Amino acid sequence: MESTFSEALSQTNFTFIDWIIVGVYLSISLIIGLLVKRFATNMTSYIGAGRALGTRLGVATLAGTETGLVTVMYSSQKGFTGGFAAFHIAIMAALGTFIVGATGLIVYRLRKLKVLTIPEYYEQRFGRKTRILGAVMLALGGILNMGLFLKVGSMFIVGITGMSATGWALPTVMTVLLILVLAYTVLGGMISVVVTDYIQFVVLSIGLLFATGLIIHHLGWQNIFDTVALQMGKKGFNPVLADGTFGIEYIIWMGFLGLIACAVWPAAVARALAMESPEAVKVQYMWSSVAYLIRFLIPYFWGIAAFVFIFTQAPELKLLFFPEAGGGEPIDNLYAMPIFLGRILPVGIIGVITAAMIAAFMSTHDSYLLCWSSVITQDIIVPLSRRNLSNAARIRSTRIIIVIIGAYILYWGLVYKGKDDIWDYLVVTGAVYFTGAFALLVGGLYWKRASSTGAVLALLCGFFAIFGLEPVRNAVGFDGLTGAQVGLFTIGMAFTAMIIGSLLFPDKDNLPNTNNNIV
Amino acid sequence: MEFWILLWKAVFIFAVLIFSCMAVWVTIGGYFDLKKLFRKLNDIDDEEEEANED
């Protein structure tokens with residue numbers, strides 16, 4: 001099976017010319033990181049780009065951050081396994097982002113308070129202990145969430161370039177990509193992140209649209225729908241079917257996610273907090289809803305196209321991804337889309353698409369690394385430190401933590417063996433943080449009686465979300481539950497804890513900075 | 001099933017068209033926003049240098 005797989009990978013159109021295109025792009029990114037280094041002189045500039053982002057740049061950086069190579073990979077996997085029915089996730093994400101933009105839910109008020117991070121708001125509203133606990137939950141959920149980014153991104157590079165998927169290739173690609181992204185995140189902070197996000201937006205937009213056009217030209221528009229109908233039946237189109245891939249519970253869970261992924265997720269909120277005004281945040285989110293739609297929709301389509309290609313034009317791949325009974329374990333379906341692109345895109349174009357994907361990989365990694373490391377510095381180390389840390393010390397601490405997180409994601413990518421779809425893994429690990437944080441932010445910003453005890457209890461409820469992970473569910477005997485059920489239950493718990501905790505244990509009047517809330 | 005096929009076709013075409021327009025707007029406008037950002041960061045830099053000299 002392994003030799004057949006290596007043979008399948010080697011049939012890519014990726015050539016030396018494409019490597020040159022990728023090399024030139026990576027060099028430009030590194031040079032930019034070096035050029036903008038001089039602006040990162042204080043923490044507001046280093047992690048908030050001086051709060052000077054205009055609307056269009058804000059849209060580009062939000063879209064750039066949230067459209068990573070990992071997004072493209074997990075979405076194509078969902079399209080590959082779920083067909084067009086997966087499109088409902090994209091619609092939920094776009095609707096959620098538009099609603100947040102139109103109403104300003106959470107982000108408008110946070111920007112108005114001029115905080116640099118979400119836990120900083122926790123302290124203003126609920127006190128220092130809540131800030132530290134909130135930051136710990138955020139960093140835990142966020143870093144765990146990021147654990148598979150490197151591996152999945154590297155799988156794309158291996159798949160599309162035709163390297164051997166076994167042995168040295170994957171860990172080597174992971175290490176090289178990690179060193180690149182660490183180098184310029186450490187150097188430039190948010191300013192270099194914003195600039196590379198912008199370049200990524202431009203390159204990726206062209207790449208996504210162009211490759212989609214080529215795919216449709218290669219497979220035929222109607223043929224794609226007909227093949228899915230033939231192979232998957234109703235399940236490939238109708239997300240509501242009880243015996244399908246998704247179902248009502250999953251759709252509700254995605255609806256909730258669509259709302260909070262942009263309103264509470266720190267990497268997205270960091271863009272809102274870097275905008276030039278609270279009003280600009282609303283416009284930024286309304287426009288970004290289009291990017292939130294497309295960042296899922298096009299990769300779903302690519303995954304579906306890979307499925308169609310395998311069933312109609314590549315019988316040898318069909319045996320690898322869908323082996324007959326007794327034919328051994330199927331190949332990881334994450335490889336389906338990159339192998340497919342490697343076969344249909346022509347020389348040159350494949351280099352540009354790969355460069356665009358590496359751009360997506362780097363812009364997401366730098367943003368996330370900066371986000372979690374700045375939270376650990378600003379919201380855990382600084383509050384716990386007895387002396388007032390200088391700007392230089394804070395930037396140094398943030399840079400050291402970036403490198404430590406980088407080492408962790410390399411390790412985690414190599415050891416984690418869960419079998420959940422990557423999207424479901426990301427949702428569950430993210431839920432450790434965002435289920436509690438959503439209750440906390442909604443309570444803190446919109447309910448006068450929300451107390452610090454309620455806040456702490458809501459945050460702690462987030463730990464329950466970890467039972468949504470397949471290996472954990474199996475270990476504790478929860479294998480009858482789905483990740484969506486665990487997630488919805490955790491949200492209910494967090495809100496209940498917030499309300500009951502606040503009513504039973506209201507804050508005394510002398511909480512630090514309580515009068516800073518804008519309820 | 002026909003309803004769903006029609007719906008996803010319409011959603012996909014609409015999304016690609018609107019994203020194409022947005023990409024042009026963000027690409028052009030983002031360039032001017034970047035220039036503005038660097039001007040502002042330069043000003044902050046100058047102010048800090050002046051404050052240090054004082």
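Computed from a prediction, not measured in an experiment: that's the story for all the values here. Hydrogens, waters and symmetry mates play no part in the numbers below; they use all other heavy atoms, side chains included. Letters go in sequence order (proteins before strands), and every chain restarts at 1.
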Polar side-chain atom of [X] near backbone of [Y] as donor-acceptor pair, under 3.5 Å:
X	Y	result
A:R295	A:T71	no
A:Y292	A:G96	no
A:N223	A:L219	yes

message: Looking at B:K9, I want to see if its NZ is surrounded by more than 12 non-hydrogen atoms of other residues, nucleotides or ligands under 6.0 Å.
response: yes

Tell me, out of [options], who's got the most heavy-atom pairs with chain B below 4.5 Å.
options	result
A:H88, A:R56, A:K234	A:R56
A:L209, A:T212, A:I298, A:V228	A:L209
A:F84, A:F237, A:W221	A:F237

Between [X] and chain B, which part of the residue has a heavy atom less than 4.5 Å away: side chain, backbone, both or neither?
X	result
A:V240	side chain
A:I91	side chain
A:A90	neither
A:F225	side chain

Which portion of B:I13 sits near chain A, non-hydrogen atoms under 4.5 angstrom: side chain

- request: Heavy-atom distances under 4.5 Å only: say whether B:F3 touches chain A with side chain, backbone, both or neither.
  value: neither

message: Less than 6.0 angstrom separating the ring centers of A:F201 and A:Y198, yes or no?
response: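 So the answer is no for these two rings.
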
query: So, do A:F301 and B:F12 have ring centers that fall under 6.0 Å from each other?
result: yes

field: Which atom of A:A360 lies closest to which atom of A:T67, heavy atoms considered
entry: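 For A:A360 versus A:T67, the nearest heavy atoms are CB-O, 3.5 Å.
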
